[in-house]
Protein chains: 2
Amino acid sequence: MANSKKQQLLFAALELFVKQGISNTSTASIAQAAGVASGTLFHHFTNKQGLIDALYRWVKEGMSDGLVTSLNLLKQNSDALDHQTYQEALFRLWFESMNWAVTHPLHTRFFYRYYQNQQVTPSLQSNLENRMLQQLEEVLMLGAKNGWLLDMPMDLLRHHCYQMYLSTSQFFLEQPHLWQNPNYQQSAFKCFLQSIERA
Amino acid sequence: MANSKKQQLLFAALELFVKQGISNTSTASIAQAAGVASGTLFHHFTNKQGLIDALYRWVKEGMSDGLVTSLNLLKQNSDALDHQTYQEALFRLWFESMNWAVTHPLHTRFFYRYYQNQQVTPSLQSNLENRMLQQLEEVLMLGAKNGWLLDMPMDLLRHHCYQMYLSTSQFFLEQPHLWQNPNYQQSAFKCFLQSIERA
DNA sequence: GTCTATATCAAGATAGAC
DNA sequence: GTCTATCTTGATATAGAC
């Protein structure tokens, strides 16, 4: 079946890329790991770069999907929003993101490692990136408008939040058992919240 | 002269790796850019990996050198240390780091891009990494001991600080003119300080 | 769509003169 | 230490049968 082989190839590539790096992984070995002939890979993807980009898109969309739900919930009730509800919404967003990272180690590692690396076509990368940053900005605007957040330039704030999400998820990804530890879980969020709240 | 050619090769590699990525850069093109014969590269480095690792070490040591000075200043006066002096020391440390990043864009980009990427030999990478993290921990212990910092697990705190340094320097590196803007400069530090201080 | 077999080629690395 | 010339390999990508 067409789609099945394509999926198998993507998944095999994900595993190998994370384990050994993209440039150390030959298309032949991907095909083999997927249980597919080497020529078949080039039926589904125009070339190795095409496979890399498709994989990146696939992974990134998986990451976004989880967030979009939480984000929409928050934006629906944006008219009558009090400070506490906003904080709780931020927490849910944060929590879901971390949870997704810890439960999808391969995806997260791949994304994190090839984020801003020339091995993924840069234009594709920044397109997907911008979509996510834009959504994040909407959420932050809600808080800034109400004076709940630090008075700082929005682009810097947005960058900071995004990077804190990336770096914290990376921390828990490396040590998943710490994500089960309430002290770590709460400290991480407190640190995040404190970094952006108006003092 | 021996050392000169070696340096030229390192610098040419730095430029090309940052511009096109490591795997898209052939040893031949590095030699050419350095104005050196292709065989000469393999006299100075055992192979391409050797060059990559040497470059990584070189860059990382350049980054650390600046910090060590600031760090020592702080540790010398650690006996009689008040809160304000500690905050000022943190600021100096932060400021020097950012400044170094903005004034050394190639080094910083290279480091940032190949940080935790399989393209640099992992054991080398974590050795250099640990040295820096250990120094950072000493500084944070000073603050934690006096109850000035958020009561959170030290490994998480250390990771957070290191990542904030990386991500913020990356922000200003992409837009160097914003580093000249006091509002951005102060906001960034405030955000950092607020994220780790006891409320 | 999938396979096998193979063409092509570029890049890493070496040999040996200077 | 540096150069030129060359070897070798392994990976991408294609051709063509099924």
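Residue numbering restarts at 1 for every chain, and letters A, B, ... go by the order of the sequence lines.
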Write down the distance between CD1 (Ile30(A)) and C1' (dT2(C)), rounded to a whole number of angstrom.
18 Å

note: Asn24(A), atom CG; dT9(D), atom P; distance rounded to Å ~ 19 Å

Which whole-number value in Å describes the distance from Phe45(B) CZ to dG12(C) C1'?
15 Å

Can you tell me which residue pairs pass the side-chain hydrogen bond (donor to acceptor under 3.5 Å, both in side chains) test with a partner in residues 140-157 of chain B, sequence neighbours excluded?
Tyr184(A)-Asp155(B)

Thr27(B) side-chain N/O to dG12(C) phosphate OP1/OP2 under 4.0 Å:
yes

Salt bridge (Lys or Arg N to Asp or Glu O under 4.0 Å) contacts in which one or both residues fall within residues 180-194 of chain B, not counting sequence neighbours
none

Residues in side-chain contact (heavy atoms from CB on, under 4.5 Å) contact with Gln185(A), at least two apart in sequence or another chain:
Phe95(A), Trp179(A)

Given atom CD of Gln32(B) and atom P of dT4(D), what is their separation to the nearest angstrom?
11 Å

Report yes if a side-chain nitrogen or oxygen of Lys6(A) is closer than 4.0 Å to either non-bridging phosphate oxygen (OP1 or OP2) of dG1(C); otherwise report no.
no

Can you tell me if the side-chain N/O atoms of Thr40(B) get under 4.0 Å from OP1 or OP2 in dC3(D)?
yes

Rounded to whole angstroms, how far apart are CG on Asn47(A) and P on dT8(C)?
19 Å

Within 6.0 angstrom of Arg57(B) CZ, more than 12 heavy atoms from elsewhere
no

Pick base, sugar-phosphate or nothing for Ser26(B), based on heavy-atom distances below 4.0 Å to the nucleic acid.
sugar-phosphate

First of Phe42(A) and His43(B) reached from the 5' end of DNA chain D, by closest nucleotide:
His43(B)

Scan for side-chain hydrogen bond (donor to acceptor under 3.5 Å, both in side chains) pairs involving residues 28-38 of chain A, sequence neighbours excluded, and state none if there are none.
Ser26(A)-Ser29(A)

Set out, line by line, the N/O atom pairs under 3.5 Å between protein and nucleotides 15-18 of chain D.
none

Sequence neighbours excluded - salt bridge (Lys or Arg N to Asp or Glu O under 4.0 Å) pairs with any residue from residues 106-120 of chain A:
Arg109(A)-Glu174(A)

Atom-pair distance (CG on Leu51(A); P on dA11(D)), nearest Å
15 Å

Considering only dG1(C), dA5(D), dT12(D), which nucleotide approaches the side chain of Lys48(A) most closely?
dT12(D)

Aromatic centroids of Tyr114(B) and Tyr56(B) separated by under 6.0 Å:
no

Integer-rounded Å distance: dT2(C) P and Gln7(A) CD
13 Å

Value in whole Å for how far the C1' atom of dT14(D) lies from NE2 of His44(A)
16 Å

